[in-house]
Amino acid sequence: MSPSGLIPPAFYLRPVVEVARDLLGRELCLGPVVLRITEVEAYDGPGDSASHCRSGRTPRNAPMWEAGGCAYVYLCYGLHHMLNIVTGPAGHGAAVLVRSCEPVRGLDQVRRRRGGLGGPALLAGPGRVAQALGVDRRFSGQPLFRAGGLELRDAAAVGERLCGPRVGVDYATEADRLLPWRFALAGTPWVSRPRGLVPEPVPVG
DNA sequence: CACAGGATCGTT
DNA sequence: ACGATCCTGTGT
């Protein structure tokens with residue numbers, strides 16, 4: 001993958017947790033705004049009781065059932081847009097929620113959209129990310145690998161990662177609530193609710 | 001057609 | 001701790 005290049009569709013066609021971890025440090029670009037992803041959560045198919053795919057295909061979640069590489073955007077609590085990145089083969093129904101970012105370019109535009117706020121309140125939290133980037137439901141289903149639209153681009157390598165349980169999914173089953181499917185870059189202030197995040201276990205063997 | 005309930009945020 | 005705010009999925 002070329003530095004600062006568009007990420008090709010093959011990147012997304014892998015297990016959602018793998019893609020989620022790999023998304024940290026990559027850049028979301030739309031117009032003048034470039035944001036580096038610092039926190040994500042994985043949602044894996046109809047068997048995941050926290051996923052919008054838990055009850056099968058609906059008009060809203062249709063993009064989640066497409067082949068990986070497109071956006072899935074929905075309105076939450078009637079107020080906030082949530083930006084997801086669809087992963088896996090068509091029919092699988094998995095996606096990664098972008099929970100936090102750090103600003104890279106277009107900070108003036110980001111501040112305008114976020115009401116002049118500064119610090120983590122600018123971009124830590126999924127509703128804040130979508131608002132700062134200028135993404136709403138019209139982007140749901142759009143590809144992320146075509147130049148000129150909403151783009152995901154390669155960027156500098158990342159360091160240590162943290163992981164923990166997903167946030168705000170109390171309605172899910174006990175087992176699904178405990179899955180450590182939330183990931184964040186270690187040491188960054190651009191993370192919503194740092195509580196519950198711990199360094200990833202080191203793989204043995 | 002009616003209704004309950006959010007993958008949240010900002011303020012009290 | 002709470003209210004905002006509206007779309008969605010489900011049931012009648």
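Everything quoted here is computed from the prediction, not taken from an experiment. In the text below, chain A, chain B and the rest are named by the order of the sequence lines, each starting its count at 1.
Side-chain nitrogen and oxygen atoms of Arg128(A) include at least one within less than 4.0 Å of the OP1 or OP2 phosphate oxygen of dG10(B). At dT8(B), one or more side-chain N or O atoms of Arg99(A) fall inside 4.0 Å of OP1 or OP2 (strictly under the cut-off). Close to dG9(C), at under 4.0 Å from its OP1 or OP2, lies no side-chain N or O of Ser55(A).
Following rounding to the nearest Å, Asp170(A) (CG) and dT8(B) (C1') show an atom-to-atom distance of 13 Å. At whole-Å resolution of the value, OH in Tyr171(A) and P in dT8(C) are 16 Å apart. One interatomic measurement links the two molecules: CG of Leu75(A) to P of dT8(B), which rounds to 12 Å at whole-angstrom precision. The interatomic distance linking His80(A) (NE2) with dG3(C) (P) rounds to 15 Å, in whole Å. Leu123(A) places its CG atom 14 Å from the C1' atom of dC9(B), with the value rounded to the nearest Å. Put simply, CG on Leu79(A) is 18 Å from P on dC2(C), counting in whole angstrom units. For the pair His52(A) NE2 and dT10(C) C1', the interatomic distance rounds to 15 Å; values are reported in whole Å. In this entry the distance linking CZ of Arg60(A) with C1' of dG5(B) reads 11 Å, nearest Å.
Stacking is not found between Tyr77(A) and the pyrimidine-like six-membered ring of the dA4(C) base under the 5.5 Å centre-distance and 30° plane-angle cut-offs.
Under the Watson-Crick or G-U wobble criterion, with both distances below 3.5 Å, dC3(B) is paired with dG9(C).
Counting all heavy atoms, side chain and backbone alike, Arg153(A) lies closest to Cys29(A) at CD-SG, 3.7 Å.
Mapping Pro59(A) and Cys76(A) onto DNA chain C by nearest heavy atom places Cys76(A) at the nucleotide closer to the 5' end. Each of Gly78(A) and Pro126(A) was assigned the nucleotide of DNA chain B with the nearest heavy atom; the assignment lying further toward the 5' end belongs to Gly78(A). Each of Ala121(A) and Val169(A) has a nearest nucleotide on DNA chain B; the 5'-most of these lies closest to Val169(A).
Of the candidate nucleotides dG10(B), dT8(B), dT8(C), dT8(C) has the atom lying nearest to any side-chain atom of Arg137(A).
Using a 4.0 Å heavy-atom cutoff across all strands shown, Arg114(A) reaches sugar-phosphate atoms only and no base atom.
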Under the side-chain contact (heavy atoms from CB on, under 4.5 Å) criterion, do Arg60(A) and Tyr72(A) qualify, and how do the steps go?
CA-CA 9 Å; Arg60(A) 178 178 66 163; Tyr72(A) 165 51; 3.7 Å; yes

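Partner Gln131(A) forms a side chain to side chain donor-acceptor pair (under 3.5 Å) with one of Arg114(A), His81(A), Arg113(A), His80(A) and no other, that one being Arg114(A).
No salt bridge links Glu41(A) with Arg166(A); every basic N to acidic carboxylate O contact stays at or beyond 4.0 Å. Salt-bridge annotation for Glu66(A) and Arg57(A): present, with a side-chain N of the basic residue lying under 4.0 Å from a carboxylate O of the acidic one.
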